[in-house]
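Heads up: the structure comes next, in C-alpha coordinates.
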Protein chains: 2
Amino acid sequence: MKFDVYAENCPTRLVMDRIADKWAVLVLVKLSAGKMRFNQLRREIEGISQKVLSQLLKKLERDGLVSREVFPTVPVTVEYAITPLGQTLTATVSALTVWAEENMPRIIEAQRRYDGVEARESA
Amino acid sequence: MKFDVYAENCPTRLVMDRIADKWAVLVLVKLSAGKMRFNQLRREIEGISQKVLSQLLKKLERDGLVSREVFPTVPVTVEYAITPLGQTLTATVSALTVWAEENMPRIIEAQRRYDGVEARESA
DNA sequence: CTGTATCCTACCAGATACTG
DNA sequence: CAGTATCTGGTAGGATACAG
(Lines give C-alpha, C1' and ligand atoms only; values in the text may rest on other atoms or scores of the structure.)
Protein backbone atom coordinates (compact mmCIF):
# COMPACT_ATOMS: atom_id res chain seq x y z
CA MET A 1 0.00 0.00 0.00
CA LYS A 2 2.87 2.35 -0.61
CA PHE A 3 2.06 3.71 -4.01
CA ASP A 4 -0.82 5.67 -5.34
CA VAL A 5 -1.46 2.98 -7.87
CA TYR A 6 -2.64 0.86 -5.00
CA ALA A 7 -5.18 3.47 -4.07
CA GLU A 8 -6.56 3.44 -7.58
CA ASN A 9 -9.62 1.39 -8.20
CA CYS A 10 -7.64 -1.44 -9.71
CA PRO A 11 -9.33 -4.70 -8.78
CA THR A 12 -6.63 -6.81 -10.34
CA ARG A 13 -4.14 -5.21 -8.05
CA LEU A 14 -6.34 -5.88 -5.09
CA VAL A 15 -6.72 -9.59 -5.76
CA MET A 16 -3.06 -9.84 -6.54
CA ASP A 17 -2.18 -8.40 -3.18
CA ARG A 18 -4.13 -11.26 -1.73
CA ILE A 19 -2.96 -14.23 -3.74
CA ALA A 20 0.46 -13.09 -4.86
CA ASP A 21 1.74 -14.41 -1.57
CA LYS A 22 4.05 -17.35 -2.02
CA TRP A 23 1.91 -19.61 0.14
CA ALA A 24 -1.61 -18.17 0.12
CA VAL A 25 -3.01 -20.14 -2.77
CA LEU A 26 -1.43 -23.31 -1.51
CA VAL A 27 -3.08 -22.91 1.86
CA LEU A 28 -6.44 -22.19 0.29
CA VAL A 29 -6.15 -25.25 -1.91
CA LYS A 30 -5.23 -27.45 1.03
CA LEU A 31 -8.13 -26.14 3.05
CA SER A 32 -10.57 -26.55 0.20
CA ALA A 33 -10.03 -30.27 0.69
CA GLY A 34 -11.33 -30.01 4.23
CA LYS A 35 -10.81 -28.46 7.65
CA MET A 36 -7.34 -28.65 9.05
CA ARG A 37 -5.52 -27.89 12.25
CA PHE A 38 -2.56 -25.57 12.49
CA ASN A 39 0.26 -28.07 12.70
CA GLN A 40 -1.48 -30.32 10.26
CA LEU A 41 -1.28 -27.53 7.69
CA ARG A 42 2.28 -26.83 8.69
CA ARG A 43 3.25 -30.41 7.98
CA GLU A 44 1.40 -30.65 4.69
CA ILE A 45 2.81 -27.41 3.36
CA GLU A 46 6.39 -28.39 3.59
CA GLY A 47 8.77 -25.50 3.77
CA ILE A 48 6.58 -22.91 5.45
CA SER A 49 7.67 -21.63 8.81
CA GLN A 50 5.49 -21.39 11.85
CA LYS A 51 5.60 -17.64 11.88
CA VAL A 52 4.75 -17.19 8.23
CA LEU A 53 1.89 -19.67 8.38
CA SER A 54 0.54 -17.94 11.43
CA GLN A 55 0.69 -14.54 9.79
CA LEU A 56 -0.80 -15.84 6.58
CA LEU A 57 -3.74 -17.51 8.28
CA LYS A 58 -4.42 -14.36 10.19
CA LYS A 59 -4.44 -12.36 7.00
CA LEU A 60 -6.67 -14.85 5.22
CA GLU A 61 -9.05 -14.88 8.14
CA ARG A 62 -9.16 -11.11 8.15
CA ASP A 63 -10.06 -11.15 4.48
CA GLY A 64 -12.83 -13.61 5.17
CA LEU A 65 -11.25 -16.28 3.02
CA VAL A 66 -10.73 -18.79 5.80
CA SER A 67 -12.45 -19.28 9.12
CA ARG A 68 -10.91 -20.18 12.44
CA GLU A 69 -12.59 -22.22 15.13
CA VAL A 70 -11.14 -22.78 18.57
CA PHE A 71 -12.03 -25.81 20.67
CA PRO A 72 -11.37 -25.42 24.39
CA THR A 73 -9.67 -28.76 24.74
CA VAL A 74 -6.42 -29.28 26.61
CA PRO A 75 -4.27 -28.42 24.89
CA VAL A 76 -6.29 -26.14 22.72
CA THR A 77 -7.39 -27.27 19.27
CA VAL A 78 -7.84 -24.88 16.36
CA GLU A 79 -9.46 -25.77 13.10
CA TYR A 80 -9.10 -23.76 9.96
CA ALA A 81 -11.59 -24.03 7.14
CA ILE A 82 -12.11 -22.33 3.85
CA THR A 83 -15.10 -20.03 3.60
CA PRO A 84 -17.53 -19.87 0.68
CA LEU A 85 -15.79 -16.67 -0.37
CA GLY A 86 -12.45 -18.41 -0.26
CA GLN A 87 -13.88 -21.24 -2.29
CA THR A 88 -15.01 -18.98 -5.10
CA LEU A 89 -11.56 -17.43 -5.14
CA THR A 90 -9.74 -20.74 -5.40
CA ALA A 91 -12.17 -21.77 -8.11
CA THR A 92 -11.25 -18.66 -10.03
CA VAL A 93 -7.57 -19.19 -9.48
CA SER A 94 -7.92 -22.63 -10.95
CA ALA A 95 -8.37 -20.92 -14.31
CA LEU A 96 -4.76 -19.94 -13.97
CA THR A 97 -3.83 -23.50 -13.24
CA VAL A 98 -5.45 -24.57 -16.45
CA TRP A 99 -3.59 -21.87 -18.32
CA ALA A 100 -0.36 -23.01 -16.72
CA GLU A 101 -0.84 -26.61 -17.66
CA GLU A 102 -1.54 -25.63 -21.24
CA ASN A 103 1.19 -23.07 -21.65
CA MET A 104 4.12 -23.93 -19.44
CA PRO A 105 5.79 -25.81 -22.29
CA ARG A 106 5.73 -22.62 -24.35
CA ILE A 107 7.24 -20.63 -21.53
CA ILE A 108 9.95 -23.20 -21.02
CA GLU A 109 10.62 -23.16 -24.73
CA ALA A 110 10.75 -19.36 -24.77
CA GLN A 111 13.23 -19.38 -21.91
CA ARG A 112 15.37 -21.96 -23.62
CA ARG A 113 15.45 -19.84 -26.76
CA TYR A 114 16.16 -16.64 -24.82
CA ASP A 115 18.93 -18.20 -22.79
CA GLY A 116 20.43 -19.64 -25.93
CA VAL A 117 20.63 -16.22 -27.53
CA GLU A 118 22.07 -14.75 -24.34
CA ALA A 119 24.77 -17.38 -24.18
CA ARG A 120 25.74 -16.71 -27.78
CA GLU A 121 25.84 -12.97 -27.20
CA SER A 122 28.09 -13.16 -24.20
CA ALA A 123 30.40 -15.53 -26.00
CA MET B 1 13.19 -21.79 -6.20
CA LYS B 2 14.41 -22.57 -2.76
CA PHE B 3 11.92 -25.14 -1.65
CA ASP B 4 11.04 -28.55 -2.86
CA VAL B 5 7.48 -27.46 -3.33
CA TYR B 6 8.68 -25.37 -6.20
CA ALA B 7 10.18 -28.38 -7.82
CA GLU B 8 6.89 -30.21 -7.62
CA ASN B 9 4.72 -30.22 -10.67
CA CYS B 10 2.48 -27.51 -9.33
CA PRO B 11 1.35 -25.39 -12.27
CA THR B 12 -0.44 -22.90 -10.07
CA ARG B 13 2.79 -22.20 -8.32
CA LEU B 14 4.52 -21.74 -11.62
CA VAL B 15 2.07 -19.17 -12.95
CA MET B 16 2.06 -17.44 -9.60
CA ASP B 17 5.79 -17.03 -9.73
CA ARG B 18 5.23 -15.18 -12.95
CA ILE B 19 2.33 -12.90 -12.15
CA ALA B 20 2.69 -12.51 -8.42
CA ASP B 21 5.12 -9.72 -9.15
CA LYS B 22 3.81 -6.38 -8.01
CA TRP B 23 4.05 -4.88 -11.49
CA ALA B 24 3.95 -7.75 -13.96
CA VAL B 25 0.24 -7.85 -14.58
CA LEU B 26 0.07 -4.09 -14.81
CA VAL B 27 2.75 -4.06 -17.50
CA LEU B 28 1.01 -6.81 -19.43
CA VAL B 29 -2.28 -4.97 -19.28
CA LYS B 30 -0.68 -1.72 -20.46
CA LEU B 31 1.01 -3.51 -23.34
CA SER B 32 -2.13 -5.34 -24.32
CA ALA B 33 -3.44 -1.91 -25.31
CA GLY B 34 -0.62 -1.55 -27.81
CA LYS B 35 3.13 -1.37 -28.29
CA MET B 36 5.00 0.96 -26.02
CA ARG B 37 8.46 2.33 -25.58
CA PHE B 38 10.48 1.98 -22.41
CA ASN B 39 10.07 5.42 -20.94
CA GLN B 40 6.51 5.56 -22.11
CA LEU B 41 5.78 2.53 -19.96
CA ARG B 42 7.76 4.04 -17.14
CA ARG B 43 5.63 7.16 -17.20
CA GLU B 44 2.34 5.32 -17.47
CA ILE B 45 3.11 2.94 -14.65
CA GLU B 46 3.61 5.54 -12.03
CA GLY B 47 5.77 4.43 -9.16
CA ILE B 48 7.93 1.86 -10.87
CA SER B 49 11.64 2.51 -10.94
CA GLN B 50 13.82 2.32 -14.00
CA LYS B 51 15.71 -0.64 -12.67
CA VAL B 52 12.69 -2.66 -11.70
CA LEU B 53 10.93 -2.02 -14.99
CA SER B 54 14.04 -3.02 -16.84
CA GLN B 55 14.38 -6.25 -14.89
CA LEU B 56 10.72 -7.03 -15.22
CA LEU B 57 10.64 -6.51 -18.98
CA LYS B 58 13.66 -8.75 -19.33
CA LYS B 59 11.95 -11.45 -17.31
CA LEU B 60 8.71 -11.15 -19.26
CA GLU B 61 10.62 -11.27 -22.51
CA ARG B 62 12.45 -14.36 -21.35
CA ASP B 63 9.15 -16.04 -20.58
CA GLY B 64 7.92 -15.16 -24.05
CA LEU B 65 5.13 -12.98 -22.69
CA VAL B 66 6.35 -9.76 -24.23
CA SER B 67 8.52 -9.06 -27.25
CA ARG B 68 11.19 -6.44 -27.65
CA GLU B 69 12.06 -4.72 -30.89
CA VAL B 70 15.01 -2.39 -31.32
CA PHE B 71 15.06 0.33 -33.98
CA PRO B 72 18.53 1.62 -34.88
CA THR B 73 17.55 5.25 -34.69
CA VAL B 74 19.63 7.89 -32.92
CA PRO B 75 19.07 7.70 -30.10
CA VAL B 76 17.91 4.13 -30.13
CA THR B 77 14.21 3.30 -29.97
CA VAL B 78 12.87 0.18 -28.31
CA GLU B 79 9.33 -1.02 -28.58
CA TYR B 80 7.78 -3.54 -26.26
CA ALA B 81 4.71 -5.49 -27.27
CA ILE B 82 2.65 -8.24 -25.76
CA THR B 83 2.91 -11.64 -27.42
CA PRO B 84 -0.01 -13.94 -28.19
CA LEU B 85 1.07 -16.03 -25.23
CA GLY B 86 1.07 -12.97 -23.02
CA GLN B 87 -2.36 -12.09 -24.32
CA THR B 88 -3.86 -15.41 -23.34
CA LEU B 89 -2.37 -14.99 -19.90
CA THR B 90 -3.80 -11.53 -19.36
CA ALA B 91 -7.13 -12.79 -20.63
CA THR B 92 -7.02 -15.51 -18.00
CA VAL B 93 -5.98 -13.10 -15.32
CA SER B 94 -8.98 -10.98 -16.17
CA ALA B 95 -11.08 -13.72 -14.57
CA LEU B 96 -9.50 -12.66 -11.32
CA THR B 97 -10.40 -9.08 -12.02
CA VAL B 98 -14.00 -10.07 -12.42
CA TRP B 99 -13.86 -11.97 -9.16
CA ALA B 100 -12.32 -8.93 -7.49
CA GLU B 101 -14.99 -6.58 -8.70
CA GLU B 102 -17.68 -8.91 -7.47
CA ASN B 103 -16.18 -9.77 -4.14
CA MET B 104 -14.08 -6.91 -2.89
CA PRO B 105 -17.01 -5.50 -0.93
CA ARG B 106 -17.23 -8.78 0.98
CA ILE B 107 -13.52 -8.70 1.73
CA ILE B 108 -13.72 -5.13 2.92
CA GLU B 109 -16.68 -6.07 5.07
CA ALA B 110 -14.84 -9.08 6.49
CA GLN B 111 -11.88 -6.90 7.35
CA ARG B 112 -14.09 -4.33 9.00
CA ARG B 113 -15.67 -7.02 11.12
CA TYR B 114 -12.33 -8.62 11.95
CA ASP B 115 -10.74 -5.33 12.91
CA GLY B 116 -13.75 -4.47 15.01
CA VAL B 117 -13.38 -7.65 17.03
CA GLU B 118 -9.65 -7.06 17.38
CA ALA B 119 -10.18 -3.58 18.69
CA ARG B 120 -12.66 -4.81 21.25
CA GLU B 121 -10.33 -7.59 22.35
CA SER B 122 -7.37 -5.32 22.93
CA ALA B 123 -9.56 -2.89 24.83
C1' DC C 1 -1.10 -27.75 20.47
C1' DT C 2 -1.13 -23.12 18.86
C1' DG C 3 0.69 -19.61 18.70
C1' DT C 4 3.76 -14.89 20.01
C1' DA C 5 8.30 -12.51 20.65
C1' DT C 6 12.87 -11.71 19.46
C1' DC C 7 16.82 -11.62 16.90
C1' DC C 8 19.17 -11.94 12.68
C1' DT C 9 20.20 -12.34 7.89
C1' DA C 10 19.52 -12.17 3.02
C1' DC C 11 17.43 -10.22 -0.46
C1' DC C 12 14.90 -6.60 -2.88
C1' DA C 13 13.76 -2.25 -4.27
C1' DG C 14 14.88 2.80 -4.49
C1' DA C 15 18.13 6.39 -5.53
C1' DT C 16 21.81 7.94 -8.02
C1' DA C 17 25.18 8.15 -11.37
C1' DC C 18 26.94 6.67 -15.44
C1' DT C 19 27.20 4.50 -20.62
C1' DG C 20 26.16 3.59 -25.61
C1' DC D 1 16.38 7.16 -25.26
C1' DA D 2 17.26 2.93 -23.04
C1' DG D 3 19.36 0.95 -20.22
C1' DT D 4 23.50 -0.84 -16.60
C1' DA D 5 26.28 -0.41 -12.19
C1' DT D 6 26.66 0.45 -7.50
C1' DC D 7 25.40 1.54 -2.97
C1' DT D 8 22.25 1.39 0.66
C1' DG D 9 18.17 0.95 3.78
C1' DG D 10 14.01 -1.39 4.77
C1' DT D 11 11.65 -5.64 5.17
C1' DA D 12 10.19 -10.28 4.67
C1' DG D 13 11.29 -14.54 6.31
C1' DG D 14 14.07 -18.26 9.00
C1' DA D 15 15.59 -19.93 13.53
C1' DT D 16 14.94 -20.10 18.15
C1' DA D 17 12.87 -19.62 22.52
C1' DC D 18 9.05 -19.06 25.14
C1' DA D 19 3.83 -18.65 26.67
C1' DG D 20 -1.16 -19.90 27.31
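The sequence lines fix the lettering, A, B, ..., with proteins before strands; numbering per chain opens at 1.
- In terms of phosphate contacts, Arg68(B) brings a side-chain nitrogen or oxygen within less than 4.0 Å of OP1 or OP2 of dG3(D).
- Among dG14(D), dA2(D), dT2(C), the nucleotide with an atom closest to any side-chain atom of Thr77(B) is dA2(D).
- Comparing atom distances between the Asn39(B) side chain and each of dT2(C), dG3(C), dC1(D) picks out dC1(D) as nearest.
- A salt bridge links Lys30(A) with Glu44(A): the closest approach of a Lys/Arg side-chain nitrogen to an acidic carboxylate oxygen falls below 4.0 angstrom.
- Distances from the side chain of Lys51(B) to the nucleotides dA15(D), dA13(C), dT4(D) place dA13(C) closest.
- Atom pair Lys58(B):NZ and dA2(D):C1' shows a separation of 11 Å (rounding to whole Å applied).
- Taking the side chain of Val76(A) as heavy atoms from C-beta on, and the options dG3(C), dA17(C), dC1(C), the nearest nucleotide is dC1(C).
- Rounded to whole Å, atom P of dT2(C) lies 10 Å from atom CD of Glu79(A).
- Taking atom OH of residue Tyr80(B) and atom P of nucleotide dC1(D), one finds them 14 Å apart after rounding to whole Å.
- The separation between Lys22(A) atom NZ and dT11(D) atom C1' is 14 Å, rounded to whole Å.
- Straight-line distance from the CZ atom of Phe38(A) to the P atom of dG3(C): 6 Å, rounded to whole Å.
- Residue Leu53(A) contributes atom CG, which lies 11 Å from atom P of dT4(C) at whole-angstrom precision.
- Looking at heavy-atom distances under 4.0 Å, Phe71(B) makes no contact with the nucleic acid at all.
- No continuous path of ILVMFWY side-chain contacts below 4.5 Å connects Phe71(B) to Met36(B), so the two sit in separate hydrophobic clusters.
- For the pair Glu61(A) and Lys58(A), the salt-bridge criterion is not met [side-chain N within less than 4.0 Å of a carboxylate O].
- Ion pair Arg112(A)/Glu109(A) flagged as a salt bridge, since at least one NZ, NE, NH1 or NH2 atom sits closer than 4.0 Å to an Asp/Glu carboxylate oxygen.
- No engagement by Gln55(A) is indicated, since no non-hydrogen atom pair under 4.0 Å with the nucleic acid exists.
- Heavy atoms of Arg42(A) sit nowhere under 4.0 angstrom from any nucleic acid atom.
- The distance from atom CD of Gln50(B) to atom C1' of dG20(C) is 14 Å, rounded to the nearest whole Å.
- Each of dG14(C), dA2(D), dG13(D) was ranked by its minimum atom distance to the side chain of Val52(A); first place goes to dG13(D).
- Remark on DNA chain C: of its neighbouring residues Ser54(A) and Pro75(A), the 5'-side contact belongs to Pro75(A), judged by nearest-heavy-atom nucleotide.
- Taking 4.0 angstrom as the limit, Arg37(B) places none of its side-chain polar atoms (N or O) nearer than this to OP1 or OP2 of dG3(D).
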